[in-house]
Amino acid sequence: MGSVTQQDAIAMVDLKAQYSTIKTEIDAAIQRVVSSTSFIMGPEVTGFEQAFSPMAGASYSVGVASGTAALHLALLACGIGRGDEVITTPFTFFATGEAISQTGATPVFVDVQPDTYNLDPEQVERAITPRTKAIMPVHLYGQVAEMDEILAIARRSNLRVIEDAAQAHAAEYRGRRAGSMGDLACFSFYPSKNLGCYGDGGLVTGSDETLIKRVRKLRDHGRMSKYEHDELGWGYRLDALQAAILGAKLPHLEAWTEARRSHAAHYNELLAGSDIVTPIARPYNRHVYHCYVVRTPRRDELAAHLTEAGIGAVIHYPLPLHLQPAYRDLGYRAGSLPVSEACSQQVISLPMYPELTDAQIERVTMTVRAFVGG
């Protein structure tokens with residue numbers, strides 16, 4: 001295969017392409033903050049919070065420093081701490097389990113559904129013990145988990161539900177938005193997310209005013225007033241510059257989401273009949289395709305083939321959380337959660353971003369089909 005020039009390469013995510021379409025709005029937002037010199041909290045953060053809440057179907061939003069901070073604060077606000085257990089998925093980014101551990105609680109990993117890769121409700125119910133205090137479903141790749149079943153399990157056992165919606169901005173489950181169903185929900189604005197800032201950022205949504213007030217307090221050093229603190233908190237505030245950037249991007253989210261869904265449909269059409277497993281979207285879900293994830297037992301070879309062809313592809317995720325070295329003390333072993341382990345060895349994400357062209361999708365799928373056959 002001949003060498004691929006930088007111009008011909010197809011990135012996994014192309015933030016330059018996005019910036020070029022909204023440059024005037026982004027530059028104005030940045031200049032507004034710099035000119036105001038109001039960099040910490042203030043009207044940019046408040047304005048973005050107020051705009052985000054209705055998009056997520058929630059009454060309140062609290063901007064925070066990162067998606068990880070959002071998870072940590074949501075758990076703390078729900079009273080999760082040392083000696084408690086939180087049931088979650090091992091097939092996710094490390095921050096999901098890490099935030100649970102940071103509270104002093106223990107993550108309890110249960111297996112996922114083999115088609116959506118989301119938390120399997122049947123496995124959740126079997127894992128409940130007297131120490132279980134919460135369930136943290138992850139809406140992986142942009143598809144909401146089976147929330148009706150998860151919420152019913154939580155009600156029966158008097159458990160909190162905290163949505164990890166880091167990859168699910170504007171996703172829907174049976175007409176309800178990600179971020180509107182749990183006691184609290186957590187979003188990430190990492191730059192490559194469907195709604196991303198130009199650094200780190202996160203947000204907690206909810207409709208329980210008591211929980212939201214506690215999140216607000218804990219994100220700002222447990223502050224009651226400027227120099228009065230009645231408990232220990234964290235410096236987890238959302239930066240005003242990032243809030244302004246997010247505020248400029250938010251009105252475009254719906255169009256970007258529809259572009260992603262259109263690209264996914266095009267991928268599905270072009271890969272139909274090949275020896276590759278394409279994503280499954282439940283008919284009652286609005287999948288927002290943060291990642292377009294395919295599956296093949298020859299994943300590592302396909303990744304190398306795509307790289308050689310100048311096509312960006314990323315493995316989300318090559319090692320499930322229960323097998324991470326940091327969690328070796330929990331006692332899981334290879335084979336403990338076989339579906340998650342099989343997924344981790346077979347999935348690969350193909351390029352996905354709103355500005356992707358039909359020609360680029362066609363080149364990606366031709367390269368994939370040439371490798372896997374069919």
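What you see is a predicted model; the values in this text were computed from it and never measured.
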- Message: Closer than 4.0 angstrom, basic N to acidic O: yes or no for Asp148 and Arg176?
- Response: yes
- Item | Pairing of Glu254 and Arg286 as salt bridge, 4.0 angstrom limit | yes
- Task: Flag yes if more than 12 heavy atoms outside Asn158 fall under 6.0 Å of its CG atom; otherwise flag no.
- Result: no
- Message: Pair Tyr141, Tyr292 - check ring-ring contact (aromatic ring centres under 6.0 Å, His included), show working.
- Response: CA-CA 7 Å; Tyr141 303 145; Tyr292 183 84; over 10 Å; no
- Are His263 and Tyr289 near enough that their ring centres are under 6.0 Å apart? no
- Query: With a 4.5 Å heavy-atom cut-off, do Met41 and Arg219 have their side chains touching?
  - Reply: yes
- Task: Could you walk me through whether Glu362 and Leu270 pass side chain to side chain contact (heavy atoms under 4.5 Å, CB included), step by step?
- Result: CA-CA 7 Å; Glu362 288 158 11; Leu270 295 176; 3.6 Å; yes
- Query: Does one side chain, of Asn285 or Gln143, offer a donor that lies under 3.5 Å from an acceptor on the other?
  - Reply: yes
- Query: So is Arg174 actually on top of Tyr284's ring, under 6.0 Å and inside 45° of the axis?
  - Reply: yes
- Please name the pair of heavy atoms, one in Ser340 and one in Val112, separated by the smallest distance, quoted to 0.1 Å. OG-CG2, 3.6 Å
- Message: Are Phe91 and Phe109 an aromatic pair, judged by ring center distance below 6.0 Å?
- Response: no
- Query: Is Tyr317 atom OH crowded by more than 12 heavy atoms from other residues, nucleotides or ligands, each under 6.0 Å away?
  - Reply: yes
- Task: Output yes when a side-chain donor or acceptor of Arg299 lies under 3.5 Å from a complementary backbone atom of Ser344, and no otherwise.
- Result: yes
- Verify the ring-centre separation between Phe371 and His305: is it less than 6.0 angstrom? yes
- Message: Looking at Glu122, I'd like to know if its CD atom is crowded, meaning that more than 12 non-hydrogen atoms belonging to other residues, nucleotides or ligands lie closer than 6.0 Å.
- Response: no
- Query: Are Asp115 and Arg282 within salt-bridge range, i.e. N to O under 4.0 Å?
  - Reply: yes
- Message: Assess whether a salt bridge exists between Asp230 and Lys217, defined as any Lys/Arg side-chain N lying under 4.0 Å from an Asp/Glu carboxylate O.
- Response: yes
- By the rule that ILVMFWY residues connect when side-chain heavy atoms come within less than 4.5 angstrom, directly or transitively, which residues belong alongside Leu319? Leu323
- Message: Please confirm whether the ring centroid of Tyr332 lies under 6.0 Å from the ring centroid of Tyr327.
- Response: no
- Query: Apart from Ile280 itself, what residues make up its hydrophobic cluster, given side-chain heavy atom links below 4.5 Å?
  - Reply: none
- Message: Applying a strict under-4.5 Å side-chain criterion to I, L, V, M, F, W and Y, I'd like to know whether Met12 and Tyr19 cluster together.
- Response: no
- Parallel, tilted or perpendicular: ring planes of Phe189 versus His169, cut at 30 and 60 degrees: tilted
- Message: As an exercise, state the distance from CD1 of Ile26 to OH of Tyr198, rounded to the nearest 0.5 Å.
- Response: 4.0 Å
- Message: Taking Arg260 first and then Glu355, would you say they form a salt bridge - that is, a charged N and a carboxylate O separated by under 4.0 Å?
- Response: no
Could you pull out all donor-acceptor pairs under 3.5 Å where a side-chain atom in residues 65-88 meets a protein atom, sequence neighbours excluded?
residue: Ser66; atom: OG; partner: Thr68; partner atom: N; Å: 3.4
residue: Ser66; atom: OG; partner: Ala69; partner atom: N; Å: 3.0
residue: His72; atom: ND1; partner: Tyr236; partner atom: OH; Å: 2.9
residue: Asp84; atom: OD2; partner: Gly81; partner atom: N; Å: 2.9
residue: Glu85; atom: OE1; partner: Thr129; partner atom: OG1; Å: 2.7
residue: Thr88; atom: OG1; partner: Met136; partner atom: O; Å: 2.7

- Query: Any salt bridge between Glu125 and Arg155, counting N to O under 4.0 Å?
  - Reply: no
